[in-house]
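Heads up, the thing below is written out as structure tokens.
Here the structure is a predicted model, which means the values were calculated and not measured. Here is how names work: the chains are called A, B, and so on, in the same order as the sequence lines, proteins then strands, and each is numbered from 1.
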Amino acid sequence: MKKYNPKDIEPKWQKYWDENGTYVANLDSDKEKYYGFAMFNYPSGAGIHLGHAKNFTIPDILMRFKRQQGYESYSPVGFDSFGLPAENYAIKTGQSPRVTTDEALESYRNQYRQMGWSMDWTKEIDTSKADYYKWTQWCFLQLYNDGLAYQKESLQWWCDIDKSVLSDEQVIAGKCWRHDGDDDPLVSKKSLRQWFFKITDYADEILEATDALNWTPWVKTAQKNWIGRSEGTVATFKLDGLGADNEHLDVFTTAIETIYGVTFMVLAPEHPLVAQYGQHADNAQDVDEYVLHAMRKSDIDREKEKVKTGVPIEGLFAINPVNGEKIPVWIADYVLMGYGSGAIMAVPGQDERDYEFAQKYDLPIVYTTDKNEFVSYGPEIKPDRTKFAMANSGEFNGQNLEEARQNIVAKLEKDGTGEAKVTYKVRDWLISRQRYWGAPIPIVHCDACGVVPVPEDKLPVELPEIENYQPPGDGRSPLANAPEWVQTSCPKCGGEAQRETDTMDGYVCSSWYQMRYLSPHDDTQAWDPKRAEQWMPVKFYNGGDHATAHLLYARFFTRFFNKKGLVPDPEPFQQMYFHAKILAEDGTFFSKSKGNGIDPLEIIESGYGADALRTYISFMAPPDVESPWNSDGLPSCYRFINRAWTLVQEFNETDGSVEEGQDKEILQATHKAIEKVTTDIEAIKYNTAIAAMMTLVNDLHKIKEDDTYASPAWQFALESLVQLMAPFAPHAAEELWRDLGHGDSIHISHWPELDEQYLVQDTMTLAVQVNGKVRAEIEVAADAEEEAIKQEALSQENVQAHLDGKEPKKVIYVQNRLVSVVV
RNA sequence: GCGGAUGUGGUGGAAUUGGUAGACACGCUAGUCUUAGGAACUAGUGCCGCAAGGCGUGAAGGUUCAAGUCCUUUCAUCCGCACCA
């Protein structure tokens with residue numbers, strides 16, 4: 001008998017599928033379309049790991065299923081290949097990122113194929129190739145033309161030794177990643193002029209659309225948190241002293257009703273008024289020191305700070321717009337420049353944080369409600385606000401908080417000292433990177449014309465090959481090391497001009513690739529809007545990372561291009577599925593440092609094959625449940641495939657003798673499996689789909705225990721089984737399909753058709769409960785009358801015993817389930 | 001602190017949404033066979049008990065003929081956000 005050997009059949013069919021274009025999608029097909037994929041990879045030198053295996057197997061199963069169902073199923077493939085690791089490697093070795101990336105890509109292509117993923121390789125994209133980033137630059141220009149791309153000074157981490165910009169992940173415990181010794185200096189912040197995308201313009205509509213999405217629920221919550229909308233009031237306080245008499249200070253608060261309790265003001269250390277008036281303060285030196293100290297701390301470090309610190313700006317006061325009270329102004333780093341206006345009115349009587357600060361620095365505390373509870377902490381909490389009465393608040397005393405809030409806002413608006421306002425946590429998207437290995441920003445700086453966008457017909461602005469990947473030391477990217485590239489002529493006036501040397505954040509590249517996949521080789525446009533009309537939004541998008549930024553940015557781009565009429569839907573991903581991680585056998589996370597990783601390729605090559613690996617990854621738990629790897633689990637899936645294999649081989653070796661006696665049983669088992677597997681794949685519950693197939697295999701083995709079957713029913717059962725298995729174990733299924741006499745690929749065959757008549761049983765087994773406890777089981781005809789069933793139930797010996805001579809008060813029959821007798 | 005979720009055998013996990021808890025696997029026990037293997041096959045396996053029976057879904061209450069599922073309280077764990085004004 002032919003043995004199951006994945007090492008033989010897997011490479012064979014991989015080659016066949018490639019050569020026959022089995023998975024090549026016709027993007028202009030008339031068929032109903034199904035478009036799905038997983039977040040693409042950064043091709044690192046290390047190759048794929050178990051997480052990648054899961055990431056791409058999840059959509060692959062669904063896409064294969066849809067293909068069999070007759071959809072034009074498009075599984076695109078691509079690589080997010082710009083990024084820091086290749087650049088860091090280049091700095092270290094001088095080897096071009098282009099070269100190392102290409103090497104990594106070649107290896108990835110092989111590994112993807114070995115996993116048996118049904119990707120359409122004829123449409124592969126690579127974000128670091130000019131034919132892709134040309135259109136990333138085009139996207140930039142569209143945003144620029146609509147005023148959604150702009151330049152602004154912004155602070156960047158800076159290493160004084162390298163004279164180079166650092167990304168967040170290159171700052172480790174406040175020091176540069178390459179200079180983190182005890183004697184090395186802390187990193188500092190340097191102000192650079194950088195490019196931003198105005199995503200805040202879209203914050204509201206993205207937020208509003210979030211609830212309706214068919215996305216993993218917590219991802220939606222994360223999106224909403226990230227946007228962080230809160231409704232409140234901006235109040236204007238006039239300043240007094242230190243020559244600031246004509247200045248005013250705007251603060252944002254969600255609890256304006258506490259304004260009578262303001263006993264001090266707090267500015268973030270970066271607040272512009274600090275730089276302006278701090279030097280005039282009586283304690284100018286303290287102010288200076290405090291600001292310097294705070295600026296050196298990263299935001300993360302600041303948040304870790306348990307004890308609040310601050311200094312007053314002595315001599316500077318603010319005037320409370322509601323009662324004219326003169327209150328001191330402080331600086332403290334518990335106030336963040338990035339939120340609201342970077343300044344707060346502190347109400348220690350009603351706010352926990354302000355209370356803590358006031359306690360420490362001995363500042364006065366005024367309560368503005370009749371109950372001394374904190375009310376302004378967070379926009380979400382709503383202690384029944386109508387139950388609090390205002391106190392110490394002048395004309396508003398006695399009103400409940402809700403009334404007072406409205407009345408105070410009205411008063412401020414009338415006086416011109418405040419207004420209702422909505423703020424967001426999300427800030428504009430900083431896309432400038434002072435890096436080499438990214439898409440150049442298509443902008444030219446002309447001495448005469450200023451900032452000039454590169455005309456669309458001059459795209460791409462190609463990334464030049466350079467000699468030295470070390471940053472030049474002036475805050476510009478290594479592209480500044482290529483003067484002949486930087487030096488150019490102005491597209492407007494033709495005069496001397498310099499190219500922008502910043503490149504774009506990698507997230508820009510991945511914000512629109514779902515559209516590029518539809519026109520991967522089009523050199524006349526970023527994508528064909530007619531194709532987008534047919535294919536967008538993406539039906540199924542899987543990922544196990546990037547729950548916030550990437551998805552938010554992709555939504556921003558899609559909304560923008562939707563308004564331009566280039567995509568049919570404002571949302572990019574109809575369904576977003578966020579899978580959970582596979583854990584190590586001990587329940588901890590896999591990590592490079594622990595070296596406890598499991599190499600998918602090793603598993604395949606050890607003889608278990610990709611099919612068993614794919615099946616086990618899908619079987620171990622529902623994909624969205626974190627579950628530890630169990631090395632004994634893999635063999636169990638191999639065994640399952642092998643048992644199916646045996647059924648087919650034995651069938652092939654029979655002499656054709658027909659046993660029809662158990663056809664009905666065979667068909668019932670088969671259709672039950674068809675139904676279960678179909679609904680479970682649709683619901684991404686692969687674990688129970690596989691369990692149903694295992695049950696079918698077990699059933700078929702049992703049925704044939706004594707005889708060898710060769711009936712048409714038996715053949716239908718085997719063919720259906722193999723077709724059901726095809727999305728999970730595509731190689732073995734293909735081989736078995738051919739063994740069953742088919743000339744064409746199983747993957748473009750069809751999905752087994754369900755015949756519901758076989759789901760109905762002739763008889764059914766009902767449980768009989770007496771006072772809620774099961775006391776007997778009865779077997780009755782499926783179409784038996786309710787009365788007859790009840791009689792049958794009551795006549796059971798054990799039921800009678802538990803009735804103990806009493807008359808049942810009630811007998812309940814639940815259809816197809818049980819009979820419940822109440823005494 | 002706020003928000004979201006989850007607690008089921010020795011293990012991963014099932015459970016038609018209120019209807020026989022533990023599907024399917026792993027592991028374990030016993031057995032069969034043998035070109036002795038990390039093979040295949042068969043049977044058993046929630047707990048206590050020889051059995052009858054009893055007990056069982058983190059804990060405690062409640063609703064119901066019937067609760068893993070609904071309600072209340074509570075404990076634990078995980079995740080997201082977090083000095084967001």
Side-chain angles (χ1 to χ4, degrees), chain A residues 217-226 228-230 232-233 251-256 258 266 268 299 302-308 332-336 338-347 350-354 356-357 374 376-381 423-426 547-548 580 583 585 587 616 619-622 625-637 639-640 642-643 646 675-676 679 685 687-695 697-698 701 705 765-777 808-823:
Chain A
W218 73 263
V219 175
K220 295 205 283 187
T221 311
Q223 296 261 301
K224 290 194 273 184
N225 284 344
W226 186 276
R229 180 191 154 100
S230 64
T233 311
V251 295
F252 176 75
T253 174
T254 53
I256 192 66
T258 63
V266 187
D299 287 354
R302 265 208 217 176
E303 281 158 18
K304 275 189 198 141
E305 213 71 53
K306 288 270 151 47
V307 184
K308 297 189 187 355
D333 67 3
Y334 81 90
V335 173
L336 307 173
Y339 184 73
S341 60
I344 60 158
M345 55 178 223
V347 186
Q350 308 299 150
D351 185 284
E352 205 178 329
R353 296 153 300 174
D354 298 341
E356 190 190 327
F357 194 79
F374 301 123
S376 74
Y377 194 64
E380 296 299 329
I381 53 157
T423 44
Y424 298 93
K425 252 192 282 186
V426 68
T548 45
L583 304 175
E585 293 212 46
Y616 179 57
F619 179 64
M620 55 195 297
V625 171
E626 237 173 40
S627 181
W629 182 260
N630 177 357
S631 48
D632 290 325
L634 191 71
S636 77
C637 288
R639 203 171 300 139
F640 155 64
N642 200 21
R643 276 164 64 78
T646 305
E675 196 214 11
K676 183 76 177 146
T679 55
K685 288 165 111 185
N687 57 328
T688 46
I690 293 165
M693 292 188 278
M694 288 173 165
T695 305
V697 167
N698 292 347
H701 269 280
E705 217 147 62
T765 309
L766 301 177
V768 183
Q769 297 182 341
V770 179
N771 284 342
K773 290 203 193 311
V774 179
R775 298 301 181 187
E777 272 185 6
K809 279 192 206 137
K810 224 198 278 183
V811 180
I812 299 158
Y813 170 56
V814 183
Q815 196 149 33
N816 303 335
R817 298 269 171 248
L818 50 73
V819 179
S820 184
V821 181
V822 189
V823 189

- Message: Roughly how many Å apart are B:G44 and B:A23, using the P atom of each and rounding to a whole number?
- Response: 12 Å

- Between B:G18 (C1') and A:N816 (CG): distance, integer Å: 16 Å

- When rounded to the nearest 0.5 Å, the distance separating NE2 of A:H701 from OG1 of A:T646 is 5.5 Å

- Query: Can you tell me how far CG of A:L336 sits from CD1 of A:I344, rounded to the nearest 0.5 angstrom?
  - Reply: 10.0 Å

- Gap separating the CH2 atom of A:W218 from the CD atom of A:Q223, nearest 0.5 angstrom: 10.0 Å

- Task: For B:U17 and B:G13, measure between their P atoms and round to the nearest Å.
- Result: 23 Å

Using the 3.5 Å cut-off, write out each protein N or O paired with an N or O of nucleotides 63-70 of chain B and the distance between them.
unit_1, atom_1, unit_2, atom_2, d
B:C65, O2, A:S820, OG, 2.7

- Query: When rounded to the nearest Å, what value does the distance between P atoms of B:G1 and B:G12 take?
  - Reply: 29 Å

- Item | Whole-Å P distance, B:U42 and B:G37 | 22 Å

- Pairing string of RNA chain B (Watson-Crick or G-U wobble, both atom distances under 3.5 Å; | = paired to other strand) is (((((((..(((......[....)))((((((.(..)..))))))(((....)))..(((((..]....))))))))))))....

- Is B:U74 syn or is it anti, if syn means the base angle is within 90 degrees of 0? anti

- Query: With sequence neighbours excluded, what pairs up with A:S627 under the side-chain contact (heavy atoms from CB on, under 4.5 Å) test?
  - Reply: A:M620, A:A621

- Residue A:S230, side-chain atoms from C-beta onward, closest of B:U16, B:G80, B:A85: B:A85

- Note on the structure: note: A:M620, atom CE; B:G13, atom P; distance rounded to Å ~ 8 Å

- Using atom P of each nucleotide, how far apart are B:C24 and B:A5 to the nearest Å? 31 Å

- Message: Taking only the P atom of each, what is the distance from B:C28 to B:A60 in whole angstrom?
- Response: 33 Å

- Note on the structure: By nearest-nucleotide position on RNA chain B, the 5'-leaning member of A:W218 and A:I344 is A:W218

- Query: How close or far is atom C1' of B:A39 from atom CZ of A:F640, stated in whole angstroms?
  - Reply: 19 Å

- Task: Evaluate the side-chain proximity of A:F619 to A:M694: yes if any heavy-atom separation is below 4.5 Å, no if none is.
- Result: yes

Check: protein-nucleotides 23-29 of chain B nitrogen or oxygen pairs below 3.5 Å:
unit_1, atom_1, unit_2, atom_2, d
B:A25, OP1, A:N698, ND2, 2.6
B:A25, O2', A:S636, OG, 3.2
B:C26, OP1, A:R639, NH1, 2.4
B:C26, O2', A:N630, ND2, 3.2

Just list the side-chain donor-acceptor pairs under 3.5 Å for residues 815-823 of chain A, sequence neighbours left out, or say none.
none

- Task: State which of B:A85, B:G80, B:C81 makes the closest approach to the side chain of A:K425.
- Result: B:C81

- Out of B:G13, B:G3, B:U20, which nucleotide sits closest to the side chain of A:T765? B:U20

- Has A:K220 got a side-chain N or O lying under 4.0 Å from the OP1 or OP2 atom of B:G3? no

- Message: Can you tell me whether the base of B:G9 sits syn or anti, using the 90° cut around 0 to define syn?
- Response: syn

Just the table, please: protein N/O against nucleotides 44-48 of chain B N/O, every pair under 3.5 Å.
none

- Task: Please measure how far the C1' atom in B:U73 lies from the corresponding atom in B:C79, and state the result in whole Å.
- Result: 24 Å

- Task: Quick one: closest heavy-atom pair of A:K676 and A:A692, and the distance?
- Result: CG-CB, 3.5 Å

- Note on the structure: Comparing A:G340 with A:S631, nearest RNA chain B nucleotide closer to 5' gives the residue A:S631

- Item | Whole angstrom value for the distance that separates C1' of B:G4 from CG of A:N225 | 9 Å

- B:A36 and B:A14, which share atom name C1', separated by this distance in whole Å: 37 Å

- Task: Whole angstrom is fine here: how far is it from CD in A:E675 over to C1' in B:U16?
- Result: 9 Å

- Message: Output the rounded distance in Å from CZ (A:R229) to C1' (B:G3).
- Response: 18 Å

- Item | Rounded distance in Å - CD (A:E626) to P (B:G12) | 13 Å

- Could you state the interatomic distance from CD (A:E585) to CG (A:L583), rounded to the nearest 0.5 Å? 11.0 Å

- Message: For a quick check of understanding: with a heavy-atom distance under 4.0 Å over all strands, which category does A:V625 fall into, base, sugar-phosphate or nothing?
- Response: sugar-phosphate

- Query: Where the side chain of A:R775 is concerned, which of B:G54, B:U16, B:G13 is the nearest nucleotide?
  - Reply: B:G54

- Item | Spacing of A:H701 atom NE2 relative to B:A43 atom C1', expressed in whole Å | 17 Å

- Item | Aromatic ring pairing A:Y616/A:W629, orientation class (parallel under 30°, perpendicular over 60°, tilted between) | perpendicular

- Task: Return the nearest nucleotide to the side chain of A:A222; candidates are B:G19, B:G80, B:G13.
- Result: B:G80

- Within the structure shown, what part of the strands sits under 4.0 Å from A:P217 by heavy-atom distance: base, sugar-phosphate, or nothing? nothing

